[in-house]
Amino acid sequence: MSLQIGIIGLPNVGKSTLFRALTKKQVPAENYPFTTIDPNVGVVEVPDDILPQLSKVSNSKKIVPAIVEFVDIAGLVKNAHKGEGLGNKFLSNIREVAAIAHVVRVFNDPDVIHVDNRVDPGQDIATIETELALADLETAKKRIENLSGKAKSGDKIANVQLPILEEIENRLSQGKDVLELLKQDEAAKLIREMSLLTGKPEIYVANIDEAEISKADEIQKTLADKTGKKPDDFIVISAKIESEIAELSAEESRTYLESLGLKEPGLNRLIHQAFSILGLQTFYTSGEMESKAWTISKGMTAPQAAGVIHSDFEKAFIRAEIINWQDFVKYGENGCKEKGLLRIEGKDYVMQAGDVAHFRVGV
Ligand SMILES: Nc1nc2c(ncn2[C@@H]2O[C@H](COP(=O)(O)OP(=O)(O)OP(=O)(O)O)[C@@H](O)[C@H]2O)c(=O)[nH]1
Ligand SMILES: [Mg+2]
């Protein structure tokens with residue numbers, strides 16, 4: 001399962017600066033043998049305050065965090081959908097990712113050229129989104145052409161898909177995305193199958209001047225107002241500050257963050273948000289050997305979660321023993337058993353964020 005976040009945006013907005021800062025947190029590839037080694041792909045640890053606490057209680061030899069992958073994609077320009085500026089290649093890079101981190105330039109630096117010679121985040125977002133919509137429109141039109149004949153001759157699938165495609169075409173021609181249609185199962189299936197760009201979950205990363213970092217909340221609100229999006233859709237950072245923090249030791253970065261009045265690096269927020277828009281969450285296992293965060297999709301049941309640990313475990317699942325992580329940290333595993341804080345859950349149990357789990361399986 002490749003669940004990558006593509007970093008996209010206009011040229012020169014700070015995508016690669018951000019990517020390099022992220023990859024300073026890059027995990028050693030040998031810990032994750034199935035991850036591709038590609039200079040444009042960064043395998044990044046998901047920051048996790050719970051793991052060290054579990055590890056301490058269990059006296060674990062090793063901590064294994066969850067990971068998320070970021071892909072640095074080259075800048076898109078106007079008319080990318082017509083192939084401008086290697087547009088087709090970059091658009092196909094975006095088709096392969098599961099979600100999008102859209103970097104928007106807010107910083108003013110006369111030394112860094114803006115492709116349109118002005119800093120206007122709202123307009124820049126519109127430029128990129130228009131390209132994505134036009135690329136999707138072409139994909140939809142081609143598909144409609146292919147299916148029309150089949151639909152007339154009574155092809156079942158074509159007759160199901162054609163009205164959906166027409167709806168997609170309709171929305172895109174009006175400059176809308178197709179996110180709304182994801183609520184319908186058939187449409188969602190088709191949108192994923194066609195890898196439509198406007199059907200991917202997206203976060204906006206506003207790259208602001210380092211001197212403005214104390215005004216981050218204000219800027220977030222202004223951006224939301226200007227673009228008609230929600231403030232939470234934006235993560236406001238300074239790529240420059242992030243790349244500096246990434247060079248520092250843990251101790252130094254704490255002092256530096258404090259001096260800027262920040263609680264945590266902006267990258268941590270970005271990584272968490274990225275994880276969340278992919279629809280992912282973690283559960284934990286913790287013992288002497290290791291404390292580990294396992295990645296599952298939200299809504300997965302206990303047997304499915306067990307199947308992530310080992311594919312045989314899903315079928316062989318008997319029961320799950322679940323302890324809430326706060327209880328685990330407070331009383332330890334045995335303490336929780338004595339206090340009745342260990343729950344026995346069956347095959348219908350839906351995993352909750354922060355569960356510490358033991359699966360009993362019949363193999
Ligand atoms: N002042 C300032 N300059 C920045 C910031 N972020 C990036 N830059 C500069 O902007 C220039 C372009 O940054 P990149 O990170 O290479 O931009 P990019 O989006 O990857 O550009 P392309 O790959 O060409 O699309 C570099 O000279 C960076 O040093 C920032 O937060 N503040
Ligand atoms: Mg770049």
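The figures here come from the full heavy-atom set of this structure, side chains too, leaving out hydrogens, waters and symmetry mates. Counting starts at 1 for both ligands and their atoms, following the listed order.
- At a cut-off of 2.8 Å, T17 is not counted among the residues with an N, O or S atom near the Mg ion (ligand 2).
- Nearest-residue assignment for atom 22 (P) of ligand 1 (options V106, N12, I208; heavy-atom criterion): N12.
- Contacts with ligand 1 closer than 4.0 Å are made by side-chain heavy atoms of V112 only, the backbone lying farther away.
- Taking a cutoff of 4.0 Å between a charged side-chain nitrogen and a carboxylate oxygen, D232 and K230 do not qualify as a salt bridge.
- In the vicinity of T17, heavy-atom distances shorter than 4.0 Å reach the ligand 1 atoms 7 (C), 13 (O), 14 (P), 15 (O), 28 (C).
- Looking only at distances, a side-chain donor or acceptor of T139 sits under 3.5 Å from a matching main-chain atom of A135.
- Protein heavy atom nearest atom 17 (O) of ligand 1, with residue, atom name and distance: G14 N, 3.2 Å.
- Taking F234 as the reference, Y204 meet the ring-ring contact (aromatic ring centres under 6.0 Å, His included) condition, with sequence neighbours excluded.
- Contacts between N207 and ligand 1, counted as non-hydrogen atom pairs separated by less than 4.0 Å, involve the side chain only.
- Atom 11 (C) of ligand 1 is approached by the protein to below 4.0 angstrom, counting heavy atoms only.
- For atom 23 (O) of ligand 1, the closest non-hydrogen atom on the protein side is S16 OG, 4.0 Å.
- Side-chain contact annotation: T285 with W294, donor-acceptor N/O pair under 3.5 Å present.
- In this structure, atom 25 (O) of ligand 1 lies nearest to the protein heavy atom K15 NZ, 2.7 Å.
- Ligand 1 has a nitrogen or oxygen under 3.5 angstrom from a nitrogen or oxygen of V13.
- The residues K229 and E129 are annotated as salt-bridged, a charged nitrogen and a carboxylate oxygen being separated by less than 4.0 angstrom.
- Atom 8 (N) of ligand 1 has as its closest protein heavy atom F107 CZ, 3.8 Å.
- You'll find the ring centres of F359 and F283 inside the 6.0 Å limit.
- Note on R319 versus E321: salt bridge recorded, some NZ/NE/NH1/NH2 to OD/OE distance being below 4.0 Å.
- At distances below 3.5 Å, at least one donor-acceptor pair connects side-chain atoms of N159 with backbone N or O atoms of D155.
- Looking only at distances, no side-chain donor or acceptor of S58 sits under 3.5 Å from a matching main-chain atom of S55.
- Ligand-side atoms of ligand 1 in range of G75: 25 (O), range being under 4.0 angstrom from any heavy atom.
- Ranking protein heavy atoms by distance to atom 1 (N) of ligand 1, first place goes to D109 OD2, 2.9 Å.
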